[in-house]
Novice: 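Before anything else, here's the structure in question.
For the single chain, residues carry numbers from 1 onward in sequence order. Side-chain atoms are counted along with the backbone in the values below, which use heavy atoms only and exclude waters and symmetry mates.
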Amino acid sequence: MSIDKTAEELGILHGRRVTGGDFWKLKIKDEDELKTRYCEYQSDVEVNDKVVFYESMSGARMMDSPYAVFKEVFNDPAYSDFHHVWSVRSPSVIPAEYKDHPRVSFVMRNTDAHIFFLNRSKYLVGNSVQPDFLVRRPEQKFLNTWHGIAYKTLGRDDNNPLGAAASVYSLLQATHVLTPCEFMTEIQLDRFSMRGVYSGDMAEIGYPRQDLTINLDTQTEQSLRTQLNLDPDKKTVLYAPTWRGQKGGARFDASHLEDDIAALSELDANVVFLAHHIMLRHIKNVDFSKIIVPPANVNTNELLGIVDLLVTDYSSIFFDYMVTDHPIVHYLYDYEEYESERGLTLQLEELPGPVVRSQAALKSVVTDLIQDEYIPSPTYLRARDRFCPHDDGHAAERTKQWFFNGSGNSVKHVEARTRPTVVFWGGRLDKSNETKTFLDQLKSEAKAGTKDVTLFVPFSVQSNQMVIDTIRQLGSTITVVARKNYEMAMTEAEKDARANKDSHVPAVEKPAPRSLLKSVLDRVRGRTPEPPDPAATATRERTSATSAQLREVMYEREYRRVFGDAKFDEVVVPEGISRFWQTLAKHAR
């Protein structure tokens, strides 16, 4: 039975005691059960046009552009009847002002509440990767704001020829993708496999989070200064370094950090230390007693609004800070090592501020800059115009009109597909002559330059040097989408259909395991479900989907999980491809 937009919903949205703690807190640990339950919710739960789901950095806290969009919508009287749901890692990160607010709910990933609201919400807003089982329903709208301008190389490059699958899926599923400037637009099109594939609405708007810095009100500013216990007679210096290494192998030199902090603490200034959330796991036993460490509930962009000087290294935070026209010092003591390991998108001469390589130079330059009146250099102003052209304090408002109201007149739209499209449906390519012929055809199409060319392969081809060499050789002349090894999500009926060899026999409908949602609704309604009507059951069985139809639904869901709504003008499938890849390819045309 579908959940209608009735008073019963109030029990889900507001009645936490009615729904029971397990609905909100009990995590579903079995991956297959989680995916199956997610699919069952999709068939049982109707979308509500006035529910918005938000997540920032996999639930780190209410932050970044999703938070700025939330504030814009939450405070607009026209949306006073909307309900807002936030995904958080822990109840400890929930701000006190929203914790018990009747218009706001909080869910933790992989709980019933989480997958319920992923299906219930008309609007999804996120800035990073979503759960791998997420498939946006056709009636939903999904805004991907991303989370910063790329100073470090990311996504697909020569060292990572297959790219970042989770980020690609989240972007391709989005109906709306927001970028801050042309520089980042091109990176997302090329490095995240959007060019020639993405079928939604992409627009350069500016980052909504920048509004929090530009529009910082006096009350919030004073509250921050009081909370951080800043000396009003001193300038405030923010030190915001990032982590080293790669995700999965992140690291940081705690000893070096402690020496840097000791040097900065000797400045005649309020010194604030802001660590990247990944970095926090790798710095232990560092003495922060001489400087100020903001609590987790302090919003970074609001903090930037009260800072007089920023010291950073390879963090993209400096792009945000440029809207203040205040000085930036780039402390790059390990530049050659970092640039070799991670790669950077800008040359030293493009950075909007002095570059220093030692603690002594850092201390000297910062001392001079906080003593004198600062006038941005021509390099600084060029960088601001290049990276912050839309940051005028109204990005969140434009985003609201564009995403919620469908009014795109005030945004700069970007076309991801400008030519006919062709996808080369690689499948599990081997090292045979047939594969070489397929790759030669791919090269020929890319060289012709008349179409947007995409290669779709599984991640297993990373062990096939012939394929990887071809991808590196073709570079940005093709788009690459890679599918990770992933068992398709299925309902209970679809699982049976997949195992059923006879495609034309109606699938036997086994009742799915009683989900927590159904028992919740029973409690909300105050009654148990009525016994099934035998006549209705017989009718349903006669008209139920065949195994073939159920498998079709399953494969379509898997296609949309990877490609969203993208369709291609041509699909090139090599001979000998497996049944799985053949069936999936049917949905690409």
Side-chain angles (χ1 to χ4, degrees), residues 13-17 21 23-25 51-77 79-109 111 113-114 117-118 121 123-128 143 145 147-148 207-230 238 240 272-278 280 292-307 317 320 395-397 399-400:
L13 293 178
H14 310 307
R16 292 161 177 76
R17 288 177 297 180
F23 181 79
W24 302 90
K25 297 179 181 179
V51 180
V52 191
F53 183 96
Y54 307 85
E55 185 177 84
S56 184
M57 303 308 292
S58 302
R61 60 180 186 272
M62 296 175 76
M63 60 183 286
D64 205 80
S65 290
Y67 176 62
V69 172
F70 160 77
K71 289 190 70 174
E72 174 68 27
V73 177
F74 184 80
N75 294 322
D76 187 340
Y79 298 86
S80 61
D81 57 346
F82 273 53
H83 192 82
H84 305 267
V85 182
W86 273 91
S87 166
V88 294
R89 291 177 185 170
S90 164
S92 63
V93 303
I94 300 174
E97 63 182 304
Y98 299 117
K99 187 173 185 179
D100 296 311
H101 200 288
R103 291 172 55 205
V104 186
S105 294
F106 295 90
V107 299
M108 290 187 291
R109 266 195 176 190
T111 60
H114 174 228
F117 281 114
L118 278 176
S121 305
Y123 305 96
L124 308 175
V125 182
N127 71 344
S128 186
L143 169 65
T145 70
H147 52 266
Y207 278 141
R209 70 187 189 191
Q210 296 284 60
D211 295 358
L212 303 176
T213 304
I214 297 169
N215 302 328
L216 187 66
D217 59 87
T218 303
Q219 182 178 352
T220 303
E221 177 180 350
Q222 188 54 50
S223 175
L224 272 173
R225 293 184 181 278
T226 301
Q227 185 178 8
L228 299 178
N229 195 27
L230 301 182
L238 175 64
V272 180
F273 171 68
L274 182 66
H276 190 284
H277 68 277
I278 291 179
L280 287 173
I292 301 161
V293 179
N297 64 349
V298 169
N299 181 275
T300 297
N301 286 87
E302 291 177 344
L303 175 63
L304 293 180
I306 65 170
V307 169
I317 193 173
D320 288 33
E397 181 182 356
T399 301
K400 177 184 67 178

Novice: Please tell me whether S105 and H83 have a donor and an acceptor in their side chains that are separated by less than 3.5 angstrom.
Specialist: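 Distance-only check passes for S105 and H83.
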
Novice: Between the main-chain N or O of Q222 and the side-chain N or O of T226, is there a donor-acceptor pair closer than 3.5 Å?
Specialist: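 Yes; at least one donor-acceptor contact below 3.5 Å.
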
Novice: What are the two closest non-hydrogen atoms of V85 and F117, and how far apart are they?
Specialist: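 Of all heavy-atom pairs spanning V85 and F117, the closest is CG2-CD2, 3.7 Å.
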
Novice: Quick one: are E72 and P208 in side-chain contact, heavy atoms under 4.5 Å?
Specialist: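 A side-chain contact is absent here, since even the closest heavy-atom pair is not under 4.5 Å.
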
Novice: Compare every heavy atom of H147 with every heavy atom of R209, then report the nearest pair and how far apart it is.
Specialist: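 Reported closest heavy-atom pair: NH1-O, 2.9 Å.
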
Novice: With heavy-atom distances below 4.5 Å as the criterion, would you say the side chains of N229 and I292 are in contact?
Specialist: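 Answer no - side chains too far apart.
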
Novice: Within the structure provided, determine whether L228 and I306 are in side-chain contact (heavy-atom separation under 4.5 Å).
Specialist: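 Side chain of L228 against side chain of I306, heavy atoms only: contact under 4.5 Å found.
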
Novice: May I ask you to decide if S65's main-chain N or O and Y207's side chain share a donor-acceptor pair within less than 3.5 Å?
Specialist: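 No; judged by distance alone, with no hydrogens or angles, the pair does not exist.
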
Novice: If you define the side chain from C-beta out and look only at heavy atoms, does anything of T399 sit under 4.5 Å from T145?
Specialist: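 The answer is no, as the side chains (C-beta and beyond) never meet within the 4.5 Å cut-off.
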
Novice: Does a donor on one side chain sit under 3.5 Å from an acceptor on the other, for S56 and N127?
Specialist: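 Looking only at side-chain atoms, N127 and S56 do form a donor-acceptor pair, the distance falling under 3.5 Å.
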
Novice: So which atom in M57 and which in R89 form the shortest heavy-atom distance, rounded to 0.1 Å?
Specialist: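 Closest approach of M57 to R89: O-NH2, 3.1 Å.
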
Novice: Do D76 and F82 come close enough that some side-chain heavy atom pair is under 4.5 Å?
Specialist: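 SC-SC contact between D76 and F82 ruled out.
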
Novice: Nearest heavy-atom pair of F53 and L118: which atoms, and what distance?
Specialist: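 It is CE2-CD2, 3.6 Å.
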
Novice: Indicate the atoms forming the closest heavy-atom contact of T220 with L216, along with that distance.
Specialist: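 Taking T220 first and L216 second, the nearest heavy atoms are CG2-CD1, 3.6 Å.
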
Novice: Taking the side chain as every heavy atom from C-beta outward, state whether V272 and V307 have any pair of such atoms under 4.5 Å apart.
Specialist: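 Result no, sub-4.5 Å side-chain heavy-atom pair not found.
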
Novice: Please work out whether the ring planes of F74 and H84 are parallel, tilted or perpendicular, with thresholds of 30° and 60°.
Specialist: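 Plane angle over 60°, so perpendicular.
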
Novice: Is there side-chain contact between Q227 and P295, with heavy atoms separated by less than 4.5 Å?
Specialist: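 A side-chain contact under 4.5 Å exists here.
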
Novice: Would the distance check show the side chain of N299 and the main-chain N or O of N301 forming a donor-acceptor pair, the cut-off being under 3.5 Å?
Specialist: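 Yes: the side chain of N299 pairs with the backbone of N301.
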
Novice: What verdict does the side chain to side chain contact (heavy atoms under 4.5 Å, CB included) test give for K71 and D211, after you've listed the backbone C-alpha separation in whole Å, the side-chain angles of each residue and the deciding distance to 0.1 Å?
Specialist: CA-CA 11 Å; K71 289 190 70 174; D211 295 358; over 6 Å; no

Novice: Among F106, F70, Y67, which residue meets the ring pair (Phe, Tyr, Trp, His ring centres under 6.0 Å) test with Y54?
Specialist: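 Going through the options one by one, the only one that passes is F70.
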
Novice: Does some side-chain heavy atom of D320 sit less than 4.5 Å from a side-chain heavy atom of Q210?
Specialist: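 Answer yes - side chains close enough.
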
Novice: Sort out for me which residue in L303, L304, T300 forms a side-chain contact (heavy atoms from CB on, under 4.5 Å) with T213.
Specialist: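 Output: one option passes, namely L304.
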
Novice: For I94 and K99, which heavy atoms make the closest approach, and how far apart are they?
Specialist: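 Shortest heavy-atom separation between I94 and K99 comes out as CG2-CA, 3.7 Å.
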
Novice: Examine distances only and state if a side-chain atom of T111 and a backbone atom of H114 form a donor-acceptor pair shorter than 3.5 Å.
Specialist: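 It does hold such a pair.
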
